[in-house]
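Working notes, structure below.
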Amino acid sequence: MATAKNKLPLLGLAKCLVNNELLSDADMRKAIEDSHREHIPLLSYLVQKKLVDPQAVALISSLEFNIPFLDLDAIDLTDIPLDLVGQKLIEQHHVLPLFKRGNKVFIATSDPANPTALGEIKFNSRLNTEAIIVEENKLTKAIENVLEASDTSMDDLDDDLGNLEFTDPEAEDDVVTSGSDDAPIVKFVNKVLLDGIKRGVSDLHFEAYEKYFRIRFRGDGILYEYARPPASISTRLVSRIKVMSKMDIAERRVPQDGRIKLKLSKTKSIDFRVNTCPTLFGEKVVMRILDSSNAEMGIEKLGFEPDQQKIFTHAINRPYGMVLVTGPTGSGKTVSLYTGLNMINRVGTNISTAEDPVEITVDGINQVNVNPKAGLTFASALKAFLRQDPDIIMVGEIRDLETASIAVKAAQTGHLVLSTLHTNDAPQTINRLMQMGIEPFNIVSAVNLVMAQRLARRLCQHCKAPGDYPRELLIKYGFAEEEIDDITIYKAVGCDLCNNGYKGRVGMYQVMPITTKLKTLILAGGNAMELAELAKKEGVNDLRMSGLLKVKQGITTIEEVDRVTEE
């Protein structure tokens, strides 16, 4: 029986691929059986398992079936006539309407041997249909993007989206009503916020332009477009967000700051930090998602090398002194500091923090939102902390001489002080303190550790593949010539489980303890270059070298390290 079954002739696309030697007869029959067993369309199975090249399949199909080929990258997916076909038929037949000409709609398909799809579309749309061959992988991605974007339209929103509960974080009993005369806008904004949370993004950008309104998400440090609602609703969208954030909706000429607490359930809520800024064609709104669980992930998941983790752990467990973390906005400084604070947050320890604003709330830590307009600055908060018997103090950022001076004195008088600065690397932090006016002898007596950091995207472990890089290029990037033959450098590929080959982020660190030799050089007035050279001799990896270690370990790519570090 099995022999007779195997002798059945191959049909349609399977026959075409075998005849053109893209796959052997035996491999094709096995793929057909496996795809049936896994309930996956044959072509999707072949592409997912990398048994065929999607572009080669598309080109051969175009020639064999005499159907035109089109590269989907050349199509603007925001203009496709999605309403002519409908989501159900698109998902059922794995097709996508591209454009309409007269009474004919042109349909993208990766399988030309599927006349049923065109017939059903013709019946439902009352239009003639014509197939266009596209690559399977690009079609899959395009369908996902189009259906995802359509979910954010003003139609077909779930009824319960308007019933989410928002509260003012500073007045928990004051419930911000989610009902409004503009119910579709309420539902739309709620859905955008929920989608941002589900996707694990860090920021949501609402941007008004002359001819359109755009919403973008920042995921894994990279911005991508989420939706383009009609420009006519931009003012109402921004007003809705300002109402939720307790801002003045009548004031559109100056920036405003606000905060939202979204209650997902009785036990779980998410905070948003909101900022508006007037632009040429309206107001831009940026919302940062503040998720306290980020600080509870554990130090092992941050990306420290073992020796770096040991140095950092030792520094935050010292009874006094200063630990400084430096890097640009969005480099994970706050998460690193709070991860350290969680490690030393005990009943017998008094911890106070001053931040602008508090991004991560932690039980057992006294957290203060600075408010310069009301006179509550970093400096005044620090002075208050020192009168409240503190053990550990965290200052969100050292911005001026007064704050720096108080922090240094606190570190010199028996307190552990943690803070951040905005400099490019650890040695420059020392020079920055000097430029502020802190004397070198105060720096060496107060500062225990300076740590610079960046965040790079992690390679997707499901689809990463060895890359072919020339030796000269690897040497130029910083790899030693003798180690090149013994390491595998991976590249980003991209699959259904990741974003263009990446998923998540990992930290890269320059952990520089202030050793006796460094103290001597600081007292002698050494500049940042001299400090960096000495730190390197003492075994401190700079950010570039830390990134290359992550490349050797298969965690990230050369391109990512090059993107986030300086040469």
Residue pairs, two or more places apart or on separate chains, that pass ring-ring contact (aromatic ring centres under 6.0 Å, His included) and touch residues 491-512 | F304-Y509
Indicate yes or no for a side-chain donor-acceptor contact from S331 to the backbone of L455 under 3.5 Å, with no hydrogens or angles considered.
-> no
Side-chain donor-acceptor contact under 3.5 Å, T140 with H94 | yes
Should D73 and K138 count as an ion pair when the cut-off is N to O under 4.0 Å?
-> yes
Salt bridge (Lys or Arg N to Asp or Glu O under 4.0 Å) pairs touching residues 335-344, sequence neighbours excluded, are none
Distance-only, no hydrogens or angles: does the T403 side chain make a donor-acceptor pair with backbone N or O of R399 under 3.5 Å?
-> no
Are the side chain of R228 and the backbone of R214 linked by a donor-acceptor contact shorter than 3.5 Å?
-> no
Using a strict cut-off of less than 4.0 Å between a Lys/Arg side-chain nitrogen and an Asp/Glu carboxylate oxygen, indicate whether D485 and R471 qualify as a salt bridge.
-> yes
Ionic contact status for K242 with E283, cut-off 4.0 Å | yes
Answer yes or no: is there an ion pair linking D271 with R288, defined by an N-O contact shorter than 4.0 Å?
-> no
Under a 4.0 Å N-O cut-off, is there an ion pair linking R457 with E560?
-> yes
Ionic contact status for D195 with R199, cut-off 4.0 Å | no
Reported CD1-to-CZ distance for the pair I555 and R505, which is rounded to 0.5 angstrom = 15.5 Å
Would you check if there is a donor-acceptor pair between the side chains of S336 and Q453 at a distance under 3.5 Å?
-> yes
For the side chain of E483 and the backbone of A480, is there at least one donor-acceptor N/O pair under 3.5 Å apart?
-> yes
Using the test side-chain hydrogen bond (donor to acceptor under 3.5 Å, both in side chains), find all partners of H205 that sit at least two apart in sequence or belong to another chain.
-> K284
Ionic contact status for R273 with D356, cut-off 4.0 Å | no
Residues in side-chain hydrogen bond (donor to acceptor under 3.5 Å, both in side chains) contact with T326, at least two apart in sequence or another chain | T423
Tell me yes or no: between the side chains of N342 and T339, is some donor less than 3.5 Å from an acceptor?
-> no
Full working for salt bridge (charged side-chain N to carboxylate O under 4.0 Å, His left out) between R216 and D203 = CA-CA 8 Å; R216 292 191 292 172; D203 301 270; over 6 Å; no
State which residues pass side-chain hydrogen bond (donor to acceptor under 3.5 Å, both in side chains) with D257; sequence neighbours excluded, sorted by chain then number.
-> N275
Side-chain ion pair, E305 and K550, N-O less than 4.0 Å = yes
Could you tell me whether F106 and F99 have their ring centroids closer than 6.0 angstrom?
-> yes
Atom CD of Q428 and atom CD of Q510: how far apart are they, to the nearest 0.5 Å?
-> 9.5 Å
K536: salt bridge (charged side-chain N to carboxylate O under 4.0 Å, His left out) partners, not counting sequence neighbours = none
